[in-house]
Amino acid sequence: MKMPRGLYVITDNSLGDLLLAAVEAALEGGAAIVQYRDKSGDHDRRLSEAHSLLALCRRYDRPLLINDDVDLALAIGADGVHLGRTDGSLAAARERLGPDAILGATCHDSLGYAAEAVQGGADYLAFGAMYPSATKPGAHRADPAILGLAKVRFGLPVVAIGGINTDNAPELLAAGADCLAVIHDIFGRPLPDIRARTAVYQQLFD
Ligand SMILES: Cc1ncc(COP(=O)(O)OP(=O)(O)O)c(N)n1
Ligand SMILES: Cc1nc(C(=O)O)sc1CCOP(=O)(O)O
Ligand SMILES: [Mg+2]
């Protein structure tokens, strides 16, 4: 599956039993891509949730990426993985997942990291944190200008992450972001608000 442009929603452990309903609401609102991010280490629950999310994403014809975990992506046949700087080799992940998998790489605020990610076979480059993040308060900050620089230099889709909301999103789109990766401003809301908020982002891309 090809890397789409648009809102990239990332799941949050705190969703609990609402995980599937929350992701479905985001898909109904037009989310372009979903990442399953679960730091619990609960193998059986992760496998079961990832399976269910993949079936849901298939219904909406949207890719599901798995955060950190190539084994889990392979086990369920996910569309790809997102790997950070300490999550293992991109090249090894490509080798295991094959040429059609979507591989995303964290680049923080560094074009040097981005060059390494390109070398490792990344399909997109993620930069952040663009703004203070409630989900990851200690995240290293990046200047939105790096989005445009990376796009021109590497010719790959660029993803912005960290503290994004519908007020600051236009600045990131103007800077060249192909995707906006969001946790709190989507999944930190009551379930009935998720669809509408996702739709507001989607309109920014139209
Ligand atoms: C789209 C996207 N960009 C960046 C990250 C962060 O990945 P990482 O640095 O590995 O941190 P964790 O998410 O694993 O805490 C991401 N997950 N997705
Ligand atoms: C998971 C993650 N990675 C970041 C990075 O900068 O690499 S910021 C972040 C948290 C994003 O969540 P929110 O939209 O709630 O700020
Ligand atoms: Mg990681």
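Whatever order the structure lists ligands and atoms in, that order sets their numbers, starting from 1. Note that these values count all heavy atoms, side chains included, but never hydrogens, waters or copies made by symmetry.
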Nitrogen or oxygen atoms of [X] and ligand 1 under 3.5 Å apart:
X: N67; value: yes
X: K136; value: yes
X: D68; value: yes

Contact atoms of ligand 2, heavy-atom distance to [X] under 4.0 Å:
X: R37; answer: 1 (C)
X: S133; answer: 10 (C), 11 (C), 12 (O), 13 (P), 16 (O)
X: G128; answer: 6 (O)
X: H184; answer: 13 (P), 14 (O), 15 (O)

Show your reasoning for whether side chain to side chain contact (heavy atoms under 4.5 Å, CB included) applies to L111 and F154.
CA-CA 9 Å; L111 291 175; F154 302 111; 4.1 Å; yes

Between R195 and E24, does at least one N-O distance fall below 4.0 Å, as a salt bridge requires?
no

Determine, for R94 against D123, whether the closest basic-nitrogen to carboxylate-oxygen distance falls under 4.0 angstrom.
yes

Is [X] close to ligand 2, meaning an N/O of one under 3.5 Å from an N/O of the other?
X: A129; result: yes
X: T135; result: yes
X: A134; result: no

What's the shortest distance from [atom] to any protein heavy atom, and which residue and atom give it?
atom: atom 2 (C) of ligand 1; answer: H82 CE1, 3.3 Å
atom: atom 9 (O) of ligand 1; answer: T106 OG1, 3.2 Å
atom: atom 1 (C) of ligand 1; answer: Y8 CE1, 3.6 Å
atom: atom 8 (S) of ligand 2; answer: G162 CA, 3.8 Å
atom: atom 17 (N) of ligand 1; answer: Q35 OE1, 3.0 Å
atom: atom 14 (O) of ligand 1; answer: K39 NZ, 2.6 Å
atom: atom 7 (O) of ligand 2; answer: I161 CG2, 4.0 Å
atom: atom 14 (O) of ligand 2; answer: I183 N, 3.0 Å
atom: atom 15 (O) of ligand 1; answer: R37 NH2, 2.8 Å

Any protein N, O or S atom under 2.8 Å from the Mg ion (ligand 3)? Found D68 OD1, D87 OD2

Do the side chains of [Y] and [X] get nearer than 4.5 Å, heavy atoms only?
X: L7; Y: Q202; result: yes
X: V159; Y: F127; result: no
X: D109; Y: H140; result: yes

For the pair I164 and D185, evaluate side chain to side chain contact (heavy atoms under 4.5 Å, CB included) and give the outcome as yes or no after the intermediate values.
CA-CA 7 Å; I164 298 173; D185 195 45; over 6 Å; no

Can a donor-acceptor pair be found, under 3.5 Å and without considering hydrogens, that links the side chain of S133 to the backbone of A129?
no

Between S48 (side chain) and D44 (backbone), is there a donor-acceptor pair under 3.5 Å?
no

Output the list of atoms in ligand 1 that are nearer than 4.0 Å to some heavy atom of D87, sorted by atom number.
10 (O)

Mark up the atoms of ligand 1 that fall under 4.0 Å of a heavy atom belonging to G84, in ascending order.
8 (P), 9 (O), 10 (O)

Does Y113 have R85 sitting over its ring (NZ/CZ under 6.0 Å from centre, angle to axis within 45°)?
yes

Residue pair D69, R37: steps toward the salt bridge (charged side-chain N to carboxylate O under 4.0 Å, His left out) verdict:
CA-CA 9 Å; D69 193 339; R37 179 174 181 271; over 6 Å; no

Take every heavy atom of R85, measure it against each atom of ligand 1, and state whether any distance is under 4.0 Å.
no

Distance-only donor-acceptor check, side chains [X] and [Y], under 3.5 Å:
X: Y124; Y: Y8; result: yes
X: D68; Y: H82; result: no
X: S40; Y: R46; result: no

For ligand 1, does I10 get within less than 4.0 Å through its side chain, its backbone, both, or neither, judged by non-hydrogen atoms?
side chain

Between Y60 and I186, is there a shared hydrophobic cluster once you connect ILVMFWY residues whose side-chain heavy atoms come closer than 4.5 Å?
yes

Determine, step by step, whether D38 and E49 satisfy the side chain to side chain contact (heavy atoms under 4.5 Å, CB included) criterion, reporting the C-alpha distance in whole Å, the side-chain angles of both residues, the deciding distance to 0.1 Å, and the verdict.
CA-CA 10 Å; D38 176 285; E49 287 182 351; 4.0 Å; yes

Heavy atoms from other residues, nucleotides or ligands near CD of E95 exceed 12 (cutoff 6.0 Å)
no

